[in-house]
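All values derive from a computational prediction rather than experimental measurement. Only heavy atoms go into these numbers, but all of them, side chains included; no hydrogens, no water, no symmetry mates.
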Amino acid sequence: ISAVLEGLNRFSAENVDHFYLEGLGDNNVKVRETCISILQKGHSNLQNQIEEIFNNGTLKAKKSALNILAQSPPMDSLLNILAALKQSDTELQQAAWHHLLSWHQRYANRFWFKLSGNLQRYEAINSLLDKLISSGIQAPHFAKLAWTDLPHLMKTLGKK
């Protein structure tokens, strides 16, 4: 099935996006990985549908959607990563901690991205971050630095 999906993508077949979206929750890991790879490359028009899957899909679909959403522009990806940390499923949270670590490694020392046009996202991130901190959520050892640095990073971004 994954080879068929890759072929459809390679030939830019029309009206097949729903196959990629449905594949995010497939039981076959290879199919999920293929759909993630395809959707990460140039399917930004499906952002709303991917967010819908992240919010309402099965655990497998949510994790697949998070893999895509975590590759979005910096403020969008961070908001989705924090939203995943707020979920009750520990497997999804674990994936989110890994994405937070990657996000931090990519952006913590690069203040090239601007908040202009992202002010609502910035405020939503700070609100969600405050709620997570108030809840007492604890980062696993590997993500502790990223987690403790994030409030400071957000304050720095807010001053730009």
Distance (rounded to the nearest 0.5 Å) between I133 CD1 and L128 CG: 10.0 Å
Residues which pass side-chain contact (heavy atoms from CB on, under 4.5 Å) with A95, listed by chain and number, not counting sequence neighbours: L66
Pairs where residues 82-92 contributes a residue and the test salt bridge (Lys or Arg N to Asp or Glu O under 4.0 Å) is met, not counting sequence neighbours: K63-E91
Point-to-point distance, once rounded to the nearest 0.5 Å, from CD of Q47 to CD of Q49: 9.5 Å
Step-by-step side-chain contact (heavy atoms from CB on, under 4.5 Å) determination, I68 to L46: CA-CA 11 Å; I68 297 164; L46 300 174; over 6 Å; no
Partners meeting side chain to side chain donor-acceptor pair (under 3.5 Å) with Q93 (sequence neighbours left out): none
Heavy-atom closest contact (I81 atom, A96 atom, distance): CG2-O, 3.5 Å
Where A70 and R106 come nearest, the two heavy atoms and their spacing: O-NH2, 3.4 Å
Gap separating the CD1 atom of I53 from the CG atom of L21, nearest 0.5 angstrom: 4.5 Å
Pairs touching residues 52-61 that satisfy side chain to side chain donor-acceptor pair (under 3.5 Å), sequence neighbours left out: N27-K60, E52-N56
Test item: S37 side-chain N/O and T34 main-chain N/O as donor-acceptor pair under 3.5 Å: no
Audit row: D17, L39, side-chain contact (heavy atoms from CB on, under 4.5 Å) steps and yes/no: CA-CA 9 Å; D17 290 343; L39 290 169; 5.9 Å; no
Where at least one partner belongs to residues 141-152, residue pairs that pass salt bridge (Lys or Arg N to Asp or Glu O under 4.0 Å), sequence neighbours excluded: none
Spatial distance of atom OH (Y20) from atom CD1 (I50) [nearest 0.5 Å]: 12.5 Å
Ring pair (Phe, Tyr, Trp, His ring centres under 6.0 Å) pairs, two or more places apart, involving residues 59-98: W97-W147, H98-F142
Side chain to side chain donor-acceptor pair (under 3.5 Å): pairs with one or both residues in residues 75-85, sequence neighbours excluded: D76-R121, S77-W103
Working for side-chain contact (heavy atoms from CB on, under 4.5 Å), residues N67 and H99: CA-CA 8 Å; N67 285 337; H99 286 298; 2.8 Å; yes
Under 3.5 Å: donor-acceptor pair, side chain of S134, backbone of D130: yes
Distance in Å, L85 CG paired with L100 CG, rounded so as to fall on 0.5 Å steps: 6.5 Å
Interatomic spacing from SG in C35 to CG in L24 - rounded to 0.5 Å: 6.0 Å
By side chain to side chain donor-acceptor pair (under 3.5 Å) - contacts of N28 (at least two apart): none
Cluster check I137, L145: I/L/V/M/F/W/Y, side chain < 4.5 angstrom: no
Residue H141 excluded, over 12 heavy atoms near NE2 under 6.0 Å: no
Any donor-acceptor N/O pair, Y107 side chain to M75 backbone, under 3.5 Å: no
Heavy-atom pair with the smallest gap, counting every atom of R32 and G23: CG-O, 3.3 Å
